[in-house]
> 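Right, I'll just put the structure down here and ask away after.
What you are looking at is a predicted structure, and each value in this text was computed from that prediction instead of being measured. Chain A is the first sequence line, chain B the second, and so forth, proteins listed ahead of strands; every chain is numbered from 1.
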Amino acid sequence: MNFQEVMALAKRRGILQPAYEPYGGVAGFLDYGPVGVRLRRKITELWRKHFVLGFGALEIDSALIGPEPLFRASGHLSEFDDLLVECLECNKLYRADLLVEGEGTLDRRILADAVAGKKCESCGGKFDVPRPFNLMFSTSLGAGRGTPGYLRPETAQGIFQAFPWLLRQNRGKLPLAAAQVGRAFRNEIAPRQGPLRLREFTQLELEHFFLPGAEPEIPKRLAKMEVRLVPVNGSAGTETIADLVKEDVIGSSLVASYIACAWKFITACGVPAGKLRFRQHGKHEMAHYSSECWDGEVETSTGWVEVVGIAHRSDYDLKAHGKASSREFRAPVPGTGKKINTWLPDKGAIGQKFKSEAASVLEQLVEGAAPGVEVGVSGTTHALGREYFRRVSATEPEMIYPHVVEPSFGLDRLLYCILETTWRSEGDRGWLALPEMLSPYYMLIAPLMARDGLDEKAREIHAAAMFDGVDVFYDEKGSIGRRYARADEIGISRACTVDYQTLEDKTVTIRDRDSTEQQRVSIDSIF
RNA sequence: GCGGGCGUAGUGUAGUCUGGUAUCACCGAGGCUUCCCAAGCCUCUAACCCGGGUUCGAAUCCCGGCGCCCGCACCA
């Protein structure tokens, strides 16, 4: 199927459609329907298995709107708040700050003036007036003018700002993995291609924190995996993930772990391994925070679609939030705790002795002052003995900003890629060959015909299944073949058919979606 | 944002040039029939993206908006 066919299927079968259809639609937003919601949940559950359970991640669900200082710290405010100019002749768009050489961030007005004197680099035409452009949606918090707020452009910042809390939840121990599923918002200039480029999208994200020098090893279950890599320099043969790290093709063992895990997960979603690759970002392509990045890409009719980015963000984010908030975002380095014995002034003793002069005395006691130190009080000099000090010992470990590796999935894109790559057709028959785990319903329940009590029996089985919490789909309309076809199109992996024999011996047939083969089994054994 | 193409039932389409309320198929709904793979028959639901203009009359021509596709640019 090509893009249009996938979208037609998606709309016809209740997977997804453009949002706000009655109002002409708004580019970059989607509605997910009954089947789409189920598929998203199934994919998310499978992701949880691989990433949250696989790496013992702590899950959080952070707020969608954040205050301005948060995004100033994260760099999103400045990185996205560009001044754009357009050539009046050839309509090329440029970033004003890139046209004007020289020192980094210039004032808006200075930039605008500087650009006014420039001409288009490709055609020599004149420029339009520069216009500001910010990729974050802004809003205001509270009444009146309010305070500025922004819809988060990535779920990651929610994790980073909660790091001190999370670290405490983890009893101060690193490494620590935190995961979040949620929506993120980017005001794309030209959203296109439905679920592939949205203004509101869902991220499945994990942030794995560790101390530099104590980066987690590749788990045994992943080390021997082979994946298809497209490194920036040269090419990679078929080697295990572990060897690729040894040879420095992948610069980080944790990045390698997540590439392997992502490979497992994406192929478990039904995407053929032959249509999957991990491509390394070049320097210029990398985000402002990132030091190494690999994109997991799936080959589709529209080209290679990025479904996951695996980035080494170093200590960029925690450092930024630590500095901006002046809270502690560092973590102690184990084994570096030095026992430090110091003398602290005994304020009680000093106060009783020197009364109103006590404050002056304390002021004279610089850090490190010890018994025997001399202070001047009202023109005379006193030597302070032990009785004015307390012996205190403390253990102060070295504090350091943890580094972080982030695998971040775009759920909407992944769903699209799954739909396109799992589609199979044979003659008139077409079906989504979804893996069992992603089947939107556990099974189809259908009477062979809606008469002779077959329908009642089927409804009975359906009701019993629902009562037990088994998610099944009931259908009695049309010929049995048509109902199989309907179920096939949304990838329901099996069908239970109630026929005349069912009424006699309490058996039903179970039809497999991919092979269409049927087996007769007892009703009691189907759930 | 720019340039080009496009916008007709849920889906895919004919009709647009040459103005007269819309074709066909699938899907969906109801019924008949049917003992396992979109069968057949009957019936039904359902559309000209939105707004303005020209005209006796606009799906059709013109303008604007919105949306979609391609290219440019942008894309943490």
Side-chain angles (χ1 to χ4, degrees), chain A residues 2-5 7-14 17-29 33 71 74-80 82 84-95 98 120 122-123 128 131 133 135-136 152-154 156-157 184 186-194 196-199 281 285-290 293 302 306 309 311 313 316-317 406 408 426-431 444 446-452 454 477-489 495-503 508-513 515-518 520:
Chain A
N2 62 28
F3 183 79
Q4 270 91 358
E5 288 164 339
M7 294 305 282
L9 172 77
K11 196 167 178 183
R12 187 156 40 87
R13 292 303 180 196
Q17 70 160 1
Y20 309 113
E21 272 257 292
Y23 292 93
V26 181
F29 298 93
F71 296 116
S74 70
H76 288 97
L77 207 57
S78 57
E79 282 294 315
F80 292 171
D82 294 329
L84 296 182
V85 282
E86 186 177 349
C87 170
L88 288 167
E89 302 288 325
C90 67
N91 300 311
K92 274 201 172 178
L93 266 181
Y94 294 92
R95 266 171 58 181
L98 296 183
C120 174
S122 74
C123 78
D128 199 356
R131 291 171 222 281
F133 178 72
L135 229 58
M136 281 195 295
R152 61 186 184 191
E154 58 173 11
Q157 296 308 324
R186 296 176 192 178
N187 198 1
E188 295 284 351
I189 307 172
R192 260 178 215 181
Q193 297 182 306
L196 301 185
R197 191 136 165 231
L198 292 165
R199 288 186 167 131
H281 276 204
E285 202 183 348
M286 226 127 50
H288 62 271
Y289 50 67
S290 172
C293 184
T302 65
E306 176 199 342
R313 295 177 76 134
Y316 179 93
D317 300 277
E406 162 198 278
S408 172
E426 238 170 55
D428 283 346
R429 203 169 89 83
W431 73 99
L444 164 74
L448 185 59
M449 277 172 303
R451 55 184 249 187
D452 300 335
L454 296 182
K477 282 305 305 175
S479 73
I480 189 67
R482 180 177 297 259
R483 282 173 275 158
Y484 289 152
R486 269 196 287 257
D488 285 348
E489 266 197 344
C496 161
T497 308
V498 173
D499 56 19
Y500 288 95
Q501 197 181 326
T502 308
L503 303 179
V508 291
T509 64
I510 299 296
R511 168 192 181 266
D512 176 72
R513 175 198 61 208
S515 65
T516 77
E517 272 162 25
Q518 283 176 299
R520 182 159 285 278

> Give me the distances for all protein-to-nucleotides 62-69 of chain B N/O pairs that come in under 3.5 Å?
residue : atom : partner : partner atom : Å
B:rG67  : O4'  : A:G24   : O            : 3.3
B:rC69  : OP1  : A:Q193  : N            : 2.9

> Tell which nucleotide pairs with B:rU13, taking only Watson-Crick or G-U wobble pairs whose two distances are both under 3.5 angstrom.
none

> What is the distance, to the nearest angstrom, from the CZ atom on A:R511 to the P atom on B:rC35?
20 Å

> Could you check which of B:rU34, B:rG12, B:rC74 has an atom nearest any side-chain atom of A:R197?
B:rC74

> Consider the side chain of A:I480, meaning its heavy atoms from C-beta on, and name the nucleotide among B:rG12, B:rC36, B:rC74 that approaches it most closely.
B:rC36

> In whole angstrom, what separates A:D317's CG from B:rA76's C1'?
11 Å

> Watson-Crick or G-U wobble partner for B:rG67, using a 3.5 Å limit on both distances?
B:rC6

> What integer distance in Å separates A:E154:CD from B:rC75:P?
16 Å

> Which is true for A:R313 with a 4.0 Å heavy-atom rule: it touches a base, it touches only sugar-phosphate, or it touches nothing?
nothing

> Look at the side chain of A:R520 and decide which nucleotide, out of B:rC36, B:rG10, B:rA76, has an atom nearest to it.
B:rC36

> Listed in order of residue number, which residues of residues 481-489 of chain A have a non-hydrogen atom at under 4.0 Å from RNA chain B?
A:G481, A:R482, A:Y484, A:A485, A:R486, A:E489

> Closest heavy-atom contact between A:A190 and A:R197?
O-NH1, 3.9 Å

> Can you tell me the base-pairing partner of B:rU60? Count Watson-Crick or G-U wobble geometry only, both distances below 3.5 Å, and say none if there is no partner.
none

> Would you please test A:H76 and A:E154 for side chain to side chain contact (heavy atoms under 4.5 Å, CB included) and show each step?
CA-CA 10 Å; A:H76 288 97; A:E154 58 173 11; 3.2 Å; yes

> Could you let me know what B:rC44 is paired to, Watson-Crick or G-U wobble, both distances under 3.5 Å, or none if it's on its own?
B:rG28

> Record whether the side chain of A:E188 comes under 3.5 Å of the base of B:rC75 through a donor-acceptor pair of N or O atoms.
no

> Taking the six-membered ring of A:Y484 as reference, does the NZ or CZ atom of A:R511 fall below 6.0 Å from its centre and within a 45° cone about the axis?
yes

> Sequence neighbours excluded, which residues qualify as ring-ring contact (aromatic ring centres under 6.0 Å, His included) partners of A:F3?
A:Y416

> Can you tell which of A:R482, A:R429, A:R13 makes a salt bridge (charged side-chain N to carboxylate O under 4.0 Å, His left out) with A:D488?
A:R429

> So, does A:R152 use its side chain to make a donor-acceptor pair with the main chain of A:M136 at under 3.5 Å?
no

> Whole angstroms only, please: what is the CG-C1' distance between A:L448 and B:rC37?
11 Å

> Who does B:rU55 pair with, Watson-Crick or G-U, both distances under 3.5 Å?
none

> When you check the glycosidic angle of B:rU21, does it come out syn, meaning within 90° of 0, or anti?
syn

> Within this structure, what is the CZ-to-C1' distance between A:R12 and B:rG28, rounded to whole angstrom?
11 Å

> Using whole Å, report how far CZ of A:R13 lies from C1' of B:rC27.
7 Å

> Paired with B:rA39 by Watson-Crick or G-U wobble geometry, both distances under 3.5 Å: which nucleotide is it?
none

> When the P atoms of B:rG67 and B:rC27 are compared, how many Å lie between them, rounded to an integer?
33 Å

> With the side chain of A:Q518 defined as its heavy atoms from C-beta on, choose the nearest nucleotide among B:rA76, B:rC27, B:rC36.
B:rC36

> Under 3.5 Å, is there any donor-acceptor pair linking the side chain of A:D499 to the base of B:rC36?
yes

> Contact class for A:T509 vs. all strands (heavy atom < 4.0 Å): base, sugar-phosphate, or nothing?
base

